[in-house]
K.L.:
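First the structure, which I've put down as structure tokens, then a few questions once you've had a look.
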Amino acid sequence: MSDAYSARFPPGFLWGVSSASYQLEGAVAEDGRGESIWDRFCATPGKVRNGESGAVACDFYHRYGEDIELMKDLGVDAFRFSISWPRVLPAGRGRLNPRGFDFYDRLVDGLLDAGIEPFAVLYHWDLPQALEDEGGWPERATVEAFAEYTKVVAEHLGDRVSHWITHIEPWVVSWLGYGWGEHAPGRCSEVDALAAAHHVLLSHGRAVEVLRQVVPKAQVGITLNLDHLWPASDTDADRSAAHWLDGHHNRWFLGPLFHGAYPQDMVDQWHKIMPPVQDGDMESIAVPIDFLGVNYYTSSLVAAGLDGEGARQVPQAGTARTDMDWEIRPDGLREVLVRVARDYAPRTIYITENGAAFPDVVDHNGRVLDVERRDFLAAHVAAAAQAVEAKVPLRGYLVWALLDNFEWSWGYWRRFGIVHIDYPTQKRTPKASFYWYRDLIAAEHNGGPKSRL
Ligand code: IFM
């Protein structure tokens, strides 16, 4: 796919960068913050590479001013950050921690002063441990705790924040956290995974209701991680394998949010492990939203399992991969956007994450020439432009991530930033991709389009 594009992004299109509380803030024991499931998971031997944790991360809690300056230099319109639930409600509900709120007050004010639109995320995976001790997301009570938390955050920041995202990647929360144990809290049960997914979706619906009451002008959405799954061949077996995996990754979440129902083919297969759906739940989940956030990294070809059952992703020889071993498929981004617009018709779509890990090094001149990342981003921006040309209501593109950061169970081994972090000194070094993105944003602000390389 060519990196050049000729489509015009619509006026007011937002160019931005994304982040998440536990991945960059650090300061886990400061100013009254409570324990999160990620603190506990990282402290459990064998869970995170090298026993690393987000205890210091990028020290954003103290250095956010410097990082806002970097964003100003980059010229972004928007910054997506998440609020750490245990920082503002240390026990998950009840007692407020004013010092925790103070950090987000200062951050939001700093962004607004810099002319950067804050996109506030309510949940990017750092559940208060106290709530996990009561059963976590598989428990219905967590939904009400989330609604309470949403209310206090909205009352506090709603006068200044207009873009709200309830959840990031519910598939990851439920399957990696509760189904397969790769993420906090490290539980391994398919029943729990589907119950968690249902309660995360339900809590999204409740949070939208609360936000509409407390912040009437709010633009509210949810972010899903979506991929495109092509059948590896035209056989019925491969087609149905791809459809099944699409049900697992994508339709299980898109269906309830936009059609008010879990996809019937998946319900038929999962009838023994179905979540406890109560009357009114599906209506609550399908409450109208202002935008859908799409996190996009990769796509794959899918074939039936070797015994003809199940599904397997088929690696494509010759397709370049990132350091996460994910295939680089910008064509999949265009497919995802066109398909979501066609089948689910969200009012607006933002790409709330797109980016790549590569093993960057600072060279002897102090530069980081991350040509692969620059090419990755250029190819995906071009794919996004094709989606715009195909009339997809795409209104923004946010790179993951501004800074290298704590990549969950991979620790610090995987670098996604367009700014390099030297963790021992916390020195920030903008990479070549930063300067490329800065030029792109400047050109787009001046009317684009151009070839970017
Ligand atoms: O780092 C994560 C982020 O927290 C959620 N989306 C995917 C990123 C890269 O794995």
Side-chain angles (χ1 to χ4, degrees), residues 16-26 36-39 41-42 47-49 52-54 57-58 60 79-85 119-127 165-177 180 182-185 197 200 221-228 249-250 253 292-300 321-329 332-333 336 349-360 370 372-373 376-377 380 396-421 423 433:
V17 280
S18 280
S19 70
S21 47
Y22 192 74
Q23 293 183 271
L24 89 165
E25 284 179 3
S36 82
I37 54 174
W38 271 95
D39 300 303
F41 191 70
C42 293
K47 297 296 185 192
V48 175
R49 191 174 177 277
E52 288 165 346
S53 78
C58 311
F60 182 74
F79 178 56
R80 200 201 85 192
F81 66 96
S82 73
I83 292 142
S84 161
W85 188 347
F119 271 59
V121 173
L122 288 163
Y123 188 73
H124 197 136
W125 311 353
D126 41 1
L127 185 72
I165 298 179
T166 55
H167 284 278
I168 298 292
E169 304 184 356
W171 181 88
V172 171
V173 173
S174 36
W175 284 101
L176 298 194
W180 301 329
E182 292 169 31
H183 276 196
V200 167
I222 184 170
T223 282
L224 303 180
N225 53 308
L226 301 175
D227 52 356
H228 195 75
H249 288 189
N250 303 320
F253 299 91
L292 174 70
V294 172
N295 283 0
Y296 181 82
Y297 289 91
T298 188
S299 284
S300 32
R321 289 163 179 269
T322 68
D323 210 19
M324 298 296 278
D325 208 25
W326 297 340
E327 287 184 4
I328 300 178
R329 296 299 307 240
L333 174 59
V336 161
I349 301 178
Y350 294 108
I351 296 171
T352 42
E353 284 183 27
N354 177 233
F358 288 108
D360 306 309
D370 59 336
E372 298 103 322
R373 183 173 296 100
F376 178 101
L377 296 174
H380 286 77
Y397 173 89
L398 279 65
V399 167
W400 182 267
L402 175 67
L403 308 176
D404 289 338
N405 59 62
F406 176 72
E407 179 55 23
W408 308 112
S409 45
W410 293 97
Y412 294 95
W413 199 26
R414 296 291 187 251
R415 292 182 178 270
F416 276 90
I418 56 174
V419 175
H420 179 273
I421 303 275
Y423 290 104
S433 56

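First listed ligand is number 1; within each ligand, the first listed atom is number 1.
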K.L.:
Give a yes-or-no answer on whether the side chains of Asn225 and Tyr297 include a donor-acceptor pair shorter than 3.5 Å.
P.N.:
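No, Tyr297 and Asn225 have no side-chain donor paired with an acceptor closer than 3.5 Å.
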K.L.:
Considering both backbone and side-chain atoms of Asn405, is one of its nitrogen or oxygen atoms within less than 3.5 Å of a nitrogen or oxygen in ligand 1?
P.N.:
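Checking ligand 1 against Asn405, no N or O pair falls under 3.5 Å apart.
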K.L.:
Decide, yes or no, whether a salt bridge links Arg373 with Asp360 under the criterion of side-chain N to carboxylate O below 4.0 Å.
P.N.:
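Salt bridge: yes.
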K.L.:
In ligand 1, which numbered atoms sit nearer than 4.0 Å to a non-hydrogen atom of Trp326?
P.N.:
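Checking each atom against Trp326, I get 10 (O).
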K.L.:
For ligand 1, which part of Glu169 has a heavy atom less than 4.0 Å away: the side chain, the backbone, both, or neither?
P.N.:
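It is the side chain that gets close, since no backbone atom is under 4.0 Å.
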K.L.:
Ignoring hydrogens and angles, state whether a donor on the side chain of Asp227 or Ser299 is under 3.5 Å from an acceptor on the partner side chain.
P.N.:
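Short answer, no.
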K.L.:
Are a donor atom and an acceptor atom from the side chains of Asn295 and Thr223 found within less than 3.5 Å of each other?
P.N.:
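Side chains of Asn295 and Thr223: no pair found under 3.5 Å.
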K.L.:
Rounded to the nearest 0.5 Å, how far apart are CZ of Phe406 and OH of Tyr412?
P.N.:
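So the CZ of Phe406 and the OH of Tyr412 are separated by 6.0 Å.
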K.L.:
With heavy-atom distances below 4.0 Å as the criterion, list the atoms of ligand 1 near Phe416.
P.N.:
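That gives atoms 9 (C), 10 (O) of ligand 1.
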K.L.:
Which heavy atom of the protein is the closest neighbour of atom 1 (O) of ligand 1, given with residue, atom name and distance?
P.N.:
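So the nearest neighbour among protein heavy atoms is Glu407 OE1, 2.6 Å.
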K.L.:
Tell me, which protein residue and heavy-atom name are nearest atom 5 (C) of ligand 1, and how many Å apart are they?
P.N.:
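It is Glu353 OE1, 3.3 Å.
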K.L.:
Does Trp125 reach ligand 1 with a nitrogen or oxygen that is under 3.5 Å from one of the ligand's nitrogen or oxygen atoms?
P.N.:
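Such a contact does not occur with ligand 1.
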K.L.:
With Ser82, which of Ser19, Ser18, Ser21 fulfils side chain to side chain donor-acceptor pair (under 3.5 Å)?
P.N.:
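Only one option passes, and that is Ser21.
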K.L.:
Please could you name the atoms of ligand 1 that His124 approaches to less than 4.0 Å, counting only its heavy atoms?
P.N.:
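The atoms of ligand 1 under 4.0 Å from a heavy atom of His124 are 3 (C), 4 (O), 5 (C).
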